[in-house]
2 protein chains.
Amino acid sequence: MSADGGTADRQVPLVTTAAYESCPVTGVLRTVGDKWSPAVIRVLAEQPCGFNELDRAIEGISRRMLTRTLRNLEERGLVSRAPQGGGSTPSRVEYALTALGRSLREQLRALGTWAAAGGQDVPG
Amino acid sequence: MSADGGTADRQVPLVTTAAYESCPVTGVLRTVGDKWSPAVIRVLAEQPCGFNELDRAIEGISRRMLTRTLRNLEERGLVSRAPQGGGSTPSRVEYALTALGRSLREQLRALGTWAAAGGQDVPG
DNA sequence: CCGTATCCGTAACGATACTG
DNA sequence: CAGTATCGTTACGGATACGG
């Protein structure tokens, strides 16, 4: 066997930190891999929604986490935020999935189909 | 408009805790949504690997987290663990992707393709 | 070589009170 | 209605020393 890399030897990382951080898969998993994003996406896929409507639609979520989740999804371009009634305190804010958000929803559905078919057992 | 649920009103949660916890999508995201699972899957997709080989192949991972990640993936049936050399202290343990793990890898690749095409920006 | 045990810091999450 | 502020807890992850 030669001294330098043959078949199974590996001297250098296959997954470097830089490459991993800029990986699209890593990115989307970071975005949607938190506790509540999938729930929010699911509800908004049904129909656009106000803040408190969302709060009631998702059992167990706190207003704090709902805010954070919405802001995160908005930042990523998956959710749009539209305040209504131009005053200083909007009487209603409508959240909706963007086109990108709807396409992500389809990806997640595909993943769900795979998981359900593949016998992926559920946590708990 | 009638008093009971018409079009936009919602009195009951659309996403209940029980349904959410047992959701396949939630399950797979919990499994693979942590920091290192995607990296491990990626390396093992290349070829089966020993513990320290994995450690060196993934820059920045600690032995502790590698162990935890491998155990988690094994528990979910995505990775197989095969100790070699029957003694009390195996001289080598080979980790590999199971058939289920390989199929998940394909799903993740699809997600990555979507993310790269859709202009999902990366974190950082 | 293949891990486990321990300690510690940070970040995520939950509860609740308060504001515009 | 639509949030923010504050606080406490718990889970995740990193460093490192040790054991089989």
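Sequence lines set the chain letters: A, B, ... in the order given, protein chains first and strands last, and positions in each chain run from 1. All values reported here derive from a predicted model rather than from experimental measurement.
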**Student:** At the 4.0 Å heavy-atom cut-off to chain A, mark where contacts on DNA chain D begin and end, going 5' to 3'.
**Tutor:** D/dC1 to D/dT6
**Student:** Would you please name every residue forming a salt bridge (charged side-chain N to carboxylate O under 4.0 Å, His left out) with B/Arg56, sequence neighbours left out?
**Tutor:** none
**Student:** Using the side-chain hydrogen bond (donor to acceptor under 3.5 Å, both in side chains) rule, collect all pairs that involve residues 36-45 of chain B, keeping only residues at least two apart or in two chains.
**Tutor:** B/Asp34-B/Ser37
**Student:** Could you tell me which residues satisfy side chain to side chain contact (heavy atoms under 4.5 Å, CB included) with A/Ala57, sequence neighbours excluded, listed by chain and number?
**Tutor:** A/Val43, B/Arg10, B/Leu14
**Student:** Considering all heavy atoms of both residues, which atom of B/Pro38 and which atom of A/Leu29 are nearest to each other, and what is their separation?
**Tutor:** CG-CD1, 3.8 Å
**Student:** With sequence neighbours left out, write down each residue that passes side chain to side chain contact (heavy atoms under 4.5 Å, CB included) with B/Thr67, or none if nothing qualifies.
**Tutor:** B/Phe51, B/Arg71
**Student:** Could you check how far CZ of B/Arg56 sits from P of C/dG3, rounded to whole Å?
**Tutor:** 14 Å
**Student:** Can you list everything that forms a side chain to side chain donor-acceptor pair (under 3.5 Å) with A/Ser80? Sequence neighbours excluded, please.
**Tutor:** none
**Student:** I'd like a table of atom pairs between the protein and nucleotides 4-11 of chain C - only N or O on both sides, under 3.5 Å - with the distance next to each one.
**Tutor:**
unit_1, atom_1, unit_2, atom_2, d
C/dT4, OP1, B/Arg71, NH2, 3.1

**Student:** Return the value, rounded to whole Å, for the distance between atom CG of A/Asn72 and atom C1' of C/dA12.
**Tutor:** 12 Å
**Student:** For B/Glu74, check salt bridge (charged side-chain N to carboxylate O under 4.0 Å, His left out) against everything at least two apart and list the hits.
**Tutor:** none
**Student:** Would you classify A/Gly50 as touching base, sugar-phosphate or nothing, given that sugar-phosphate means primed atoms plus P, OP1 and OP2, and contacts are heavy atoms under 4.0 Å?
**Tutor:** sugar-phosphate
**Student:** Please report the end-to-end axis angle for the helix from C/dC1-D/dG20 to C/dG20-D/dC1, five pairs per end, rounded to 10 degrees.
**Tutor:** 40°
**Student:** Can you tell which of C/dC13, C/dC2, C/dG3 lies closest to the side chain of B/Arg92?
**Tutor:** C/dC2
**Student:** Could you list the residues that satisfy side chain to side chain contact (heavy atoms under 4.5 Å, CB included) with A/Glu59, not counting sequence neighbours?
**Tutor:** B/Pro13, B/Thr16, B/Thr17
**Student:** Between B/Leu111 and B/Gln107, is any pair of side-chain heavy atoms under 4.5 Å apart?
**Tutor:** no
**Student:** Do A/Val79 and A/Asn72 have side chains that approach each other closer than 4.5 Å (heavy atoms only, starting at C-beta)?
**Tutor:** no
**Student:** Take the protein atom CD of B/Glu53 and the nucleotide atom C1' of C/dG3, then report the distance between them rounded to whole Å.
**Tutor:** 15 Å
**Student:** Between atom CD1 in A/Ile58 and atom P in C/dG14, what is the gap in whole Å?
**Tutor:** 12 Å
**Student:** Please list, one pair per line, the donor and acceptor atoms closer than 3.5 Å that link side chains of residues 91-103 of chain B to other protein atoms, with sequence neighbours excluded.
**Tutor:**
unit_1, atom_1, unit_2, atom_2, d
B/Arg92, NH1, B/Glu53, OE1, 3.0
B/Arg92, NH2, B/Glu53, OE1, 3.2
B/Arg92, NH2, B/Glu94, OE1, 3.3
B/Tyr95, OH, B/Arg81, NE, 3.2
B/Thr98, OG1, B/Gly77, O, 2.7
B/Thr98, OG1, B/Leu78, O, 3.2
B/Thr98, OG1, B/Leu100, N, 3.4
B/Thr98, OG1, B/Gly101, N, 3.0
B/Arg102, NH1, B/Leu97, O, 3.1
B/Ser103, OG, A/Trp114, NE1, 2.9
B/Ser103, OG, B/Leu100, O, 2.8

